[in-house]
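Below is one structure; the comments refer to it alone.
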Amino acid sequence: MSIKAMDFSLRINPSICFTQNPPKPSSKLRFLTVRCSLPLTSDDAATGLAERPWKVADARLVLEDGSIWKAKSFGASGTQVGEVVFNTSLTGYQEILTDPSYAGQFVLMTNPHIGNTGVNFDDEESRQCFLAGLVIRSLSITTSNWRCAETLGDYLAERNIMGIYDVDTRAITCRLRQDGSLIGVLSTEQSRSDEELLEMSHSWDIVGIDLISGVTCNAPYEWVDKTKSDWDFNSNGSDQESYRVVAYDFGIKHNILRRLASYGCKITVVPSTWPAAETLKVKPDGVLFSNGPGDPSAVPYAVETVKEILGKVPVFGICMGHQLLGQAFGGKTFKMKFGHHGGNHPVRNLRNGHVEISAQVLDCNGFRVVITLDFMIWQNHNYAVDPASLPEGVEVTHVNLNDGSCAGLAYPALNVMSLQYHPEASPGPHDSDCAFREFIELMKSTKQAA
């Protein structure tokens with residue numbers, strides 16, 4: 001490394017710089033010549049450019065519409081292709097990183113500050129990170145949380161996940177809202193041209209791809225962990241009697257399993273391709289079809305499994321499981337413009353007319369004041385069930401109030417219930433946790449009627 005001296009002539013009056021009282025007017029000004037030395041690399045020495053003490057743009061996000069977004073990289077390096085979606089959550093980035101439903105996608109966080117709390121090893125929703133990459137506006141250079149075990153950058157690098165920051169996430173979000181989700185390519189490889197990366201985005205598509213096979217477990221296993229007492233907001237939910245549940249892993253999250261276990265269920269988790277005959281052989285009290293990534297039309301084997309189980313045992317479907325049930329009923333699913341990703345999505349329960357928010361009643365000088373808080377329903381899906389395609393007997397139980405899309409189904413004749421969103425993800429109020437109680441009651445009533 002060579003050293004190059006650079007001269008800066010500054011018009012400075014020393015008396016102004018180094019005295020508290022302003023100097024008397026004078027026609028004579030003395031000048032200082034400041035001489036500083038900056039370290040240069042061998043390449044910089046040849047070009048005459050000084051090494052900057054800050055990181056410069058070294059990554060690109062190329063979208064299929066031809067737009068190119070320069071950014072700074074963190075985490076892993078290389079080139080990766082995926083579908084770009086935006087997530088409106090203010091926090092919970094670690095749960096997002098480890099949610100298998102994001103397989104094949106770049107997640108753009110609309111909240112500008114990410115990484116403030118670092119990461120810990122208690123909040124992971126699965127065994128690894130499944131998303132293709134993370135896009136953020138500002139990467140926190142420090143962490144402030146007593147549970148922090150590692151920085152976000154180190155966490156992604158160890159798991160070979162790419163991330164970029166110092167990019168205009170607001171502008172990209174506006175583009176996604178207008179044009180819909182777009183295929184993009186993240187790259188830190190300067191040897192690849194913009195045209196090459198654009199061609200990669202045009203040659204890849206997430207529609208019709210079986211993403212479930214890449215996130216499911218390899219063999220059945222028993223799940224026993226319950227929600228920890230520090231986080232269990234409904235510790236009185238379990239029954240004296242336990243119920244045996246087979247959970248199909250289409251990309252299942254740990255907290256879904258924890259909530260079922262907290263309600264007294266004995267759970268066997270099975271791979272997505274597990275035969276229906278093997279499931280029915282163990283005579284479960286109920287079957288859970290979990291959340292998962294991608295296009296439900298790309299996994300016809302899963303739809304056939306659902307069909308074989310319908311009517312034989314009570315069924316609860318969540319997210320991907322909800323969509324697979326819609327197809328198994330004979331209905332259709334469709335790809336949404338930009339999907340639902342994040343929290344704070346209001347959903348109306350059509351059975352009781354309630355919007356799932358919390359209400360706290362206070363007594364202020366004799367007046368009863370109702371304070372409503374936005375309910376944080378965790379949404380993560382690009383596909384939805386078309387209610388008009390469903391047969392008679394299938395009931396739409398929940399509707400997303402942002403766009404009117406179907407958010408829940410019931411088929412009473414077959415003892416089936418489903419939700420499009422994730423009922424276990426409740427960072428604030430816990431209105432939707434009752435869905436697990438409803439599943440328990442469904443299994444209980446079916447068992448008593450047998």
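Computation of the quantities below employed the complete heavy-atom set of this structure, encompassing side-chain atoms and omitting hydrogens, waters and symmetry-equivalent molecules.
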Enumerate the ring-ring contact (aromatic ring centres under 6.0 Å, His included) contacts for residues 270-296, please, sequence neighbours excluded, ordered by first and then second residue.
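Listed by first then second residue: Y248-F289.
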Step by step, work out the side chain to side chain contact (heavy atoms under 4.5 Å, CB included) result for L108 and F106.
CA-CA 6 Å; L108 180 151; F106 297 133; over 6 Å; no
Salt bridge (charged side-chain N to carboxylate O under 4.0 Å, His left out) pairs, two or more places apart, involving residues 207-217:
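Residue pairs passing salt bridge (charged side-chain N to carboxylate O under 4.0 Å, His left out), neighbours aside: none found.
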Beyond-backbone contact of L409 with V394, side-chain heavy atoms, under 4.5 angstrom
yes
Does Q128 reach the side chain of F130, with side-chain heavy atoms less than 4.5 Å apart?
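They are in contact (side-chain heavy atoms under 4.5 Å apart), so the answer is yes.
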Does atom [atom1] of [X] have more than 12 heavy-atom neighbours, drawn from other residues, nucleotides or ligands, at distances under 6.0 Å?
X	atom1	result
N218	CG	no
K312	NZ	yes
R170	CZ	no

Given I172 and L61, is the side chain to side chain contact (heavy atoms under 4.5 Å, CB included) satisfied, shown in steps?
CA-CA 10 Å; I172 298 176; L61 171 62; 4.0 Å; yes
Stepwise, does the side chain to side chain contact (heavy atoms under 4.5 Å, CB included) test hold for S138 with I114?
CA-CA 6 Å; S138 178; I114 301 296; over 6 Å; no
Hey, are [Y] and [X] close enough side-chain-wise for a donor-acceptor pair under 3.5 Å?
X	Y	result
H340	N402	no
N255	E95	no
E189	T79	yes
N400	Q420	no
S290	D249	no

Tell me, with the steps shown, if N87 and Y93 meet side chain to side chain donor-acceptor pair (under 3.5 Å).
CA-CA 10 Å; N87 188 298; Y93 54 82; over 6 Å; no
